[in-house]
Amino acid sequence: FYNGFNKITDLDDSSIWGSGSNFGLRQLKSSGVIGSVHTTPDIQVFPDKPKPGNYIVVNYANPSDVGKFVQLQNEVWNPFIQKYVNDPNSSWAGWEVHRVLRPTGNGYNWNIATIDHFSTLSGALNPFPNGAEWPEGLEQINDLLPNGKFYKSVIYEVLFYEGPDGASK
(Lines give C-alpha, C1' and ligand atoms only; values in the text may rest on other atoms or scores of the structure.)
Protein backbone atom coordinates (compact mmCIF):
# COMPACT_ATOMS: atom_id res chain seq x y z
CA PHE A 1 0.00 0.00 0.00
CA TYR A 2 1.41 3.37 -1.01
CA ASN A 3 0.31 6.31 1.12
CA GLY A 4 0.83 9.62 -0.68
CA PHE A 5 -0.87 11.62 2.06
CA ASN A 6 0.94 13.59 4.79
CA LYS A 7 -1.00 11.82 7.54
CA ILE A 8 -2.88 8.52 7.34
CA THR A 9 -5.95 10.28 8.74
CA ASP A 10 -6.02 12.43 5.57
CA LEU A 11 -7.49 9.32 3.92
CA ASP A 12 -10.68 10.01 5.88
CA ASP A 13 -11.54 13.08 3.74
CA SER A 14 -14.84 11.96 2.21
CA SER A 15 -14.55 14.45 -0.65
CA ILE A 16 -11.86 12.31 -2.31
CA TRP A 17 -13.65 8.98 -1.88
CA GLY A 18 -17.13 7.61 -2.13
CA SER A 19 -19.30 5.69 -4.48
CA GLY A 20 -19.90 8.70 -6.72
CA SER A 21 -22.63 8.79 -9.31
CA ASN A 22 -24.96 5.88 -9.83
CA PHE A 23 -24.26 6.26 -13.58
CA GLY A 24 -27.94 6.69 -14.44
CA LEU A 25 -29.01 3.44 -12.77
CA ARG A 26 -32.47 3.52 -11.27
CA GLN A 27 -32.57 3.47 -7.46
CA LEU A 28 -34.29 0.39 -6.08
CA LYS A 29 -35.99 -0.08 -2.76
CA SER A 30 -34.66 -3.12 -0.95
CA SER A 31 -37.09 -5.70 0.31
CA GLY A 32 -34.43 -7.69 2.09
CA VAL A 33 -31.51 -9.81 1.10
CA ILE A 34 -32.18 -12.91 -0.94
CA GLY A 35 -29.24 -15.22 -1.41
CA SER A 36 -27.12 -17.83 0.24
CA VAL A 37 -25.33 -17.67 3.52
CA HIS A 38 -22.17 -19.67 4.00
CA THR A 39 -21.07 -18.50 7.44
CA THR A 40 -22.73 -18.13 10.80
CA PRO A 41 -21.70 -15.68 13.54
CA ASP A 42 -20.29 -17.20 16.72
CA ILE A 43 -19.31 -13.92 18.41
CA GLN A 44 -20.53 -10.38 17.75
CA VAL A 45 -19.36 -7.28 19.63
CA PHE A 46 -20.87 -3.88 18.87
CA PRO A 47 -20.65 -0.65 20.89
CA ASP A 48 -23.20 0.28 23.52
CA LYS A 49 -23.63 3.58 21.62
CA PRO A 50 -23.63 2.60 17.92
CA LYS A 51 -20.98 4.03 15.59
CA PRO A 52 -21.05 3.95 11.80
CA GLY A 53 -19.28 0.90 10.42
CA ASN A 54 -18.14 2.47 7.15
CA TYR A 55 -15.35 -0.06 6.52
CA ILE A 56 -14.90 -3.70 7.38
CA VAL A 57 -11.77 -5.82 7.38
CA VAL A 58 -12.51 -9.48 6.77
CA ASN A 59 -9.70 -11.71 8.05
CA TYR A 60 -9.93 -15.21 6.58
CA ALA A 61 -8.30 -18.01 8.60
CA ASN A 62 -7.89 -21.76 8.56
CA PRO A 63 -7.23 -22.75 12.18
CA SER A 64 -6.33 -26.34 12.94
CA ASP A 65 -9.12 -26.52 15.55
CA VAL A 66 -12.14 -24.31 14.79
CA GLY A 67 -13.85 -24.91 18.15
CA LYS A 68 -10.71 -24.01 20.11
CA PHE A 69 -10.13 -20.95 17.92
CA VAL A 70 -13.65 -19.63 18.61
CA GLN A 71 -13.28 -20.42 22.33
CA LEU A 72 -9.98 -18.51 22.56
CA GLN A 73 -11.33 -15.60 20.52
CA ASN A 74 -14.15 -15.33 23.06
CA GLU A 75 -11.92 -15.73 26.13
CA VAL A 76 -8.85 -13.74 25.00
CA TRP A 77 -9.69 -11.29 22.19
CA ASN A 78 -13.30 -10.44 23.08
CA PRO A 79 -12.58 -8.73 26.44
CA PHE A 80 -9.58 -6.95 24.90
CA ILE A 81 -11.40 -5.58 21.84
CA GLN A 82 -14.55 -4.53 23.74
CA LYS A 83 -12.56 -1.64 25.26
CA TYR A 84 -11.74 -0.30 21.79
CA VAL A 85 -15.21 -0.89 20.35
CA ASN A 86 -16.82 1.04 23.24
CA ASP A 87 -14.22 3.86 23.26
CA PRO A 88 -15.86 6.87 21.52
CA ASN A 89 -12.40 8.08 20.39
CA SER A 90 -11.55 4.77 18.72
CA SER A 91 -12.38 4.03 15.10
CA TRP A 92 -13.39 0.46 16.07
CA ALA A 93 -17.14 0.07 15.44
CA GLY A 94 -17.52 -3.69 15.94
CA TRP A 95 -15.94 -7.11 15.78
CA GLU A 96 -17.27 -10.56 14.83
CA VAL A 97 -16.15 -14.16 14.45
CA HIS A 98 -17.91 -16.30 11.81
CA ARG A 99 -17.43 -19.96 10.96
CA VAL A 100 -18.21 -21.70 7.69
CA LEU A 101 -21.54 -23.51 8.02
CA ARG A 102 -20.43 -26.72 6.37
CA PRO A 103 -16.66 -26.77 5.89
CA THR A 104 -16.33 -29.65 3.44
CA GLY A 105 -14.75 -29.82 0.00
CA ASN A 106 -11.99 -27.57 -1.27
CA GLY A 107 -13.86 -24.44 -2.40
CA TYR A 108 -12.31 -22.26 0.31
CA ASN A 109 -8.88 -21.99 1.88
CA TRP A 110 -10.49 -20.89 5.13
CA ASN A 111 -13.07 -22.05 7.65
CA ILE A 112 -13.22 -18.95 9.91
CA ALA A 113 -13.58 -15.23 9.22
CA THR A 114 -13.16 -12.46 11.74
CA ILE A 115 -14.77 -9.17 10.76
CA ASP A 116 -13.44 -5.88 12.10
CA HIS A 117 -15.78 -2.87 11.70
CA PHE A 118 -14.32 0.64 11.51
CA SER A 119 -15.80 4.12 11.21
CA THR A 120 -12.80 5.40 9.16
CA LEU A 121 -10.51 4.09 6.45
CA SER A 122 -7.44 5.13 8.44
CA GLY A 123 -8.77 3.01 11.32
CA ALA A 124 -9.14 0.00 9.02
CA LEU A 125 -5.56 0.48 7.80
CA ASN A 126 -4.09 1.14 11.25
CA PRO A 127 -6.44 -0.21 13.95
CA PHE A 128 -4.10 0.53 16.89
CA PRO A 129 -2.46 3.91 16.04
CA ASN A 130 -1.17 4.32 19.61
CA GLY A 131 -0.05 0.70 19.97
CA ALA A 132 -1.66 -1.73 22.36
CA GLU A 133 -0.90 -3.95 25.31
CA TRP A 134 -1.74 -7.32 23.76
CA PRO A 135 -3.76 -9.71 25.89
CA GLU A 136 -2.27 -12.82 27.43
CA GLY A 137 -3.24 -15.88 25.43
CA LEU A 138 -2.84 -14.29 21.99
CA GLU A 139 -0.03 -16.75 21.19
CA GLN A 140 -2.44 -19.65 21.74
CA ILE A 141 -4.73 -18.21 19.06
CA ASN A 142 -1.86 -17.65 16.63
CA ASP A 143 -0.55 -21.20 17.25
CA LEU A 144 -3.80 -22.53 15.75
CA LEU A 145 -3.18 -20.69 12.44
CA PRO A 146 -0.79 -21.86 9.70
CA ASN A 147 2.40 -19.77 10.14
CA GLY A 148 0.56 -17.93 12.94
CA LYS A 149 -1.30 -15.73 10.43
CA PHE A 150 -4.62 -15.20 8.71
CA TYR A 151 -4.94 -16.70 5.22
CA LYS A 152 -5.81 -13.23 3.87
CA SER A 153 -7.33 -9.92 4.95
CA VAL A 154 -9.51 -7.73 2.74
CA ILE A 155 -10.82 -4.20 3.38
CA TYR A 156 -14.32 -3.41 2.11
CA GLU A 157 -16.15 -0.08 2.11
CA VAL A 158 -19.73 -0.47 3.30
CA LEU A 159 -21.88 1.32 0.74
CA PHE A 160 -25.23 0.01 1.94
CA TYR A 161 -26.36 -1.91 4.97
CA GLU A 162 -29.83 -3.01 5.91
CA GLY A 163 -30.09 -4.36 9.40
CA PRO A 164 -32.68 -5.38 11.94
CA ASP A 165 -35.70 -3.16 12.47
CA GLY A 166 -35.10 -1.36 9.19
CA ALA A 167 -31.81 0.18 10.30
CA SER A 168 -29.85 0.97 7.16
CA LYS A 169 -27.04 3.03 5.75
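Excluded from the calculations below are hydrogen atoms, water molecules and symmetry mates; all remaining heavy atoms, backbone and side chain alike, are included.
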message = Using every non-hydrogen atom in the two residues, find where S91 and G123 come nearest and quote the distance to one decimal.
response = OG-CA, 3.1 Å
request  = Mind telling me whether W77 and F128 have parallel, tilted or perpendicular rings, with 30° and 60° as the class edges?
outcome  = perpendicular
ask   = Closest heavy-atom contact between T114 and F150?
value = OG1-CZ, 3.8 Å
query = What's the shortest heavy-atom distance between P127 and A124, and which atoms?
reply = CD-O, 4.1 Å
inquiry  = Nearest 0.5 angstrom please: I115 CD1 to I56 CD1, how far?
reply    = 5.5 Å
request  = Check for a donor-acceptor pair, side chain of K51 on one end and backbone N or O of S90 on the other, with a separation under 3.5 Å.
outcome  = yes
request  = Take the angle between the ring planes of W134 and F80 and call it parallel below 30°, perpendicular above 60°, tilted in between.
outcome  = tilted
request  = Please identify each residue that fulfils side-chain contact (heavy atoms from CB on, under 4.5 Å) with D42, with sequence neighbours left out.
outcome  = V70, R99
query = What about the rings of Y55 and H117, do their centers lie closer together than 6.0 Å?
reply = no
ask   = With F69, which residues qualify under ring-ring contact (aromatic ring centres under 6.0 Å, His included), at least two apart?
value = none
Mind listing the side-chain donor-acceptor pairs of residues 81-89 below 3.5 Å, one per line with the distance, residues two or more places apart or on another chain?
| from | atom 1 | to | atom 2 | distance (Å) |
| --- | --- | --- | --- | --- |
| Q82 | NE2 | N78 | OD1 | 2.6 |
| N86 | OD1 | D48 | N | 2.8 |
| N86 | ND2 | Q82 | O | 3.3 |
| D87 | OD1 | N89 | N | 2.8 |

query = Does the side chain to side chain contact (heavy atoms under 4.5 Å, CB included) test come out yes or no for W92 and F118, once each step is laid out?
reply = CA-CA 5 Å; W92 280 89; F118 295 96; 3.5 Å; yes
key: For S119, all residues meeting side-chain hydrogen bond (donor to acceptor under 3.5 Å, both in side chains), sequence neighbours excluded   = none
Separation between CG of N126 and CG of L121, rounded to the nearest 0.5 Å = 11.0 Å
inquiry  = As an exercise, state the distance from CD1 of I155 to CG of D116, rounded to the nearest 0.5 Å.
reply    = 10.0 Å
Closest non-hydrogen atom pair between V158 and G53, with its separation = CG2-O, 3.3 Å
task = Please name all residues satisfying side-chain hydrogen bond (donor to acceptor under 3.5 Å, both in side chains) with Q73, sequence neighbours left out, ordered by chain then number.
result = none
task = Could you list the residues that satisfy side-chain hydrogen bond (donor to acceptor under 3.5 Å, both in side chains) with Q140, not counting sequence neighbours?
result = none
ask   = How long is the span from the OG atom in S64 to the CG atom in D143, to the nearest 0.5 Å?
value = 9.0 Å
inquiry  = Let's go through Y151 and N62 carefully: what are the C-alpha distance in whole Å and the side-chain angles of both, what is the deciding distance for side chain to side chain donor-acceptor pair (under 3.5 Å) to 0.1 Å, and is it a yes or a no?
reply    = CA-CA 7 Å; Y151 162 66; N62 195 18; over 6 Å; no
query = Would L144 end up clustered with I112 when hydrophobic side chains under 4.5 Å apart are linked, directly or stepwise?
reply = yes
task = State yes or no: do V45 and L138 share one hydrophobic cluster built from I, L, V, M, F, W and Y residues joined by side-chain heavy-atom distances below 4.5 Å, directly or via other members?
result = yes
query = To the nearest 0.5 Å, what is the distance between CG (N59) and NZ (K152)?
reply = 11.5 Å
Close side-chain approach of N111 and P63, heavy atoms under 4.5 Å = yes
